[in-house]
Amino acid sequence: MTKQSIILGIESSCDETCCAIINQNGDILANIIASQASIHAPNGGVVPEVAAREHLSAMRPVITEALKQSGLTLEKINGIAATGGPGLIGGVLIGTMTAKALAFARNLPYYAINHLEGHALTARFTHKLEFPYLLLLVSGGHTQLLSINSLGKYERYGTTLDDAAGEAFDKGAKLLGLGYPGGPAIEKCAKTGNPESIKLPTPRQQYRDCHFSFSGIKTALANSVSKYSGPIPTADFAASLQATISSSLINRSEIAMERFASSAARNNKMTFVVAGGVAANKEIRKNLKSLAESKNFNMVLPPSEFCTDNAAMIAWVGMEYHMIGKKTEFDFAPKPRWPLDQKASPPPGRGVRL
Ligand code: KG4
Ligand code: ZN
């Protein structure tokens, strides 16, 4: 490791083209995000082919902008990191090839980063957090509970059998005619609604494990909506949907906290990190915080700009591997699926989301 190491990171696994530059102290020297949200909004979700084309045109300007923001040139960069999966393959390919080309041309080490590891280690640069800690990752693509033990050692307690929590918000919002992305729209609409008025089943409550399932909520919501012939009480539906998703996150997190606390080699400082776009939801945050307090966990919420997809988290994981001299070979092939915990057994039932 050189005295002052600086890593440039690229993220392009979904609908944001991002580039960030970070140093080994975790200082963000640049953080650029080009969002495609408005392009995908009319379709009510991300269209992979459209996303890939947008990444292609945004990649170069985003990198140029990041270098400009940092006041650095490529000569000052010590390594290039890029999301190598999991994610939409078109975007991951574009980010990977760009990173390899930059690294090869400048004779720099290249780091292929697992996108989930980016989310998992964000609190290491935002809060200088030590290992181990418990992580709830709740986004539009993932809903997972993981024990983050040390660099590269992650134990997956649970994942979703079908949809992610953010997807449940997005699909629910579409059904209620509230637009995309659904999470913020549902949260806003839920403010004037009664969460008790419409009964939606909390999924998998009877199972004492940490796996999630959200597709049934969408079906239950659709069934309830179809019973109305006139206008529907949208705020009540939004409030019920939010409360049901929240209660699922709470009861799975509670089981995970008990499991984390009972593992050997824990000191009494237990930390619960919540990351991903859904963590922006105030009601969910409030409920998770009181759960954490009741279980003697200190809850850490990285700032929202680093909770949602960004390249700073990718650059940081690159930095962690750079500091231990573990680079990636140039023949790395992007991985649409890339579980953080290779030994995790698949969740029961149909479908596995990694
Ligand atoms: O982490 P993220 O920005 O992107 C990935 O999916 O990787 O998460 C986006 C998801 C979307 O599904 C969006 O509806 C949800 O996070 N979300 C929210 C809120 N803000 C964003 N869900 C509930 N409440 C919110 N306030
Ligand atoms: Zn993500």
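Atoms within a ligand are numbered from 1 in the order they appear, just like the ligands themselves.
If you check which protein heavy atom lies closest to atom 24 (N) of ligand 1, you get Asn281 ND2, 3.0 Å. In this structure, atom 25 (C) of ligand 1 lies nearest to the protein heavy atom Gly183 C, 3.6 Å. The single protein non-hydrogen atom nearest to atom 4 (O) of ligand 1 is Asp309 OD2, 3.9 Å, given as residue, atom name and distance. When only non-hydrogen protein atoms are considered, atom 2 (P) of ligand 1 lies nearest to Gly277 N, 3.7 Å.
Using a 3.5 Å distance cut-off with no hydrogens or angles, the side chains of Gln242 and Asn281 do pair a donor with an acceptor.
Ion pairing of Lys153 with Asp341 is absent here, as no side-chain N (NZ or NE/NH1/NH2) approaches a carboxylate O to less than 4.0 Å. For the pair Arg259 and Glu155, the salt-bridge criterion is met [side-chain N within less than 4.0 Å of a carboxylate O]. Between Arg208 and Glu258 there is a salt bridge, since at least one side-chain N of the basic residue sits less than 4.0 Å from a carboxylate O of the acidic one.
A cation-pi arrangement is absent between Arg252 and Tyr207 under the rule of less than 6.0 angstrom and at most 45 degrees off the ring axis.
Its N, O or S atom nearest to the Zn ion (ligand 2) is what matters here, and for Asp309 that atom is OD1. Looking only at its N/O/S atoms, His115 has NE2 as the one nearest to the Zn ion (ligand 2).
Looking at ligand 1, you'll find an N or O of Gly166 within less than 3.5 Å of one of its N or O atoms. For a threshold of 3.5 Å applied to N or O pairs, the pair formed by Asp170 and ligand 1 contains at least one separation below that value. Backbone and side-chain nitrogen or oxygen atoms of Glu187 are examined, and one is located within less than 3.5 angstrom of a nitrogen or oxygen of ligand 1. Between Gly276 and ligand 1, a contact under 3.5 Å exists for no N or O pair.
Checked against a 6.0 Å centroid threshold, the rings of Phe260 and Tyr157 do not count as neighbours. Ring centroid separation for the pair Phe104 and Phe330 comes in under the 6.0 Å cut-off.
The Zn ion (ligand 2) has no N, O or S atom of Cys14 closer than 2.8 Å.
The cluster map of Ile, Leu, Val, Met, Phe, Trp and Tyr, joined by side-chain heavy atoms under 4.5 Å apart, puts Leu135 and Leu121 in the same cluster.
Interface atoms of ligand 1 facing Gly182, defined by a heavy-atom separation under 4.0 Å, are 14 (O). Listed by number with element, the atoms of ligand 1 under 4.0 angstrom from any heavy atom of Ser139 are 1 (O), 5 (C), 6 (O), 7 (O), 8 (O). Residue-ligand proximity, Gly141 to ligand 1, at heavy-atom distances under 4.0 Å covers atoms 6 (O).
Counting heavy atoms closer than 4.0 Å to ligand 1, residue Thr308 contributes atoms from both its backbone and its side chain.
Side chain of Asn78 to backbone of Ile7: no donor-acceptor contact under 3.5 angstrom is found. One N or O on the side chain of Thr160 and one on the backbone of Asp162 form a donor-acceptor pair closer than 3.5 Å.
Closest heavy-atom approach to atom 5 (C) of ligand 1 within the set Gly140, Ala279, Ala165: this belongs to Gly140.
Distances shorter than 4.0 angstrom do not occur between any heavy atom of Cys14 and any atom of ligand 1.
Other residues, nucleotides and ligands contribute more than 12 heavy atoms inside 6.0 Å of the NZ atom of Lys100.
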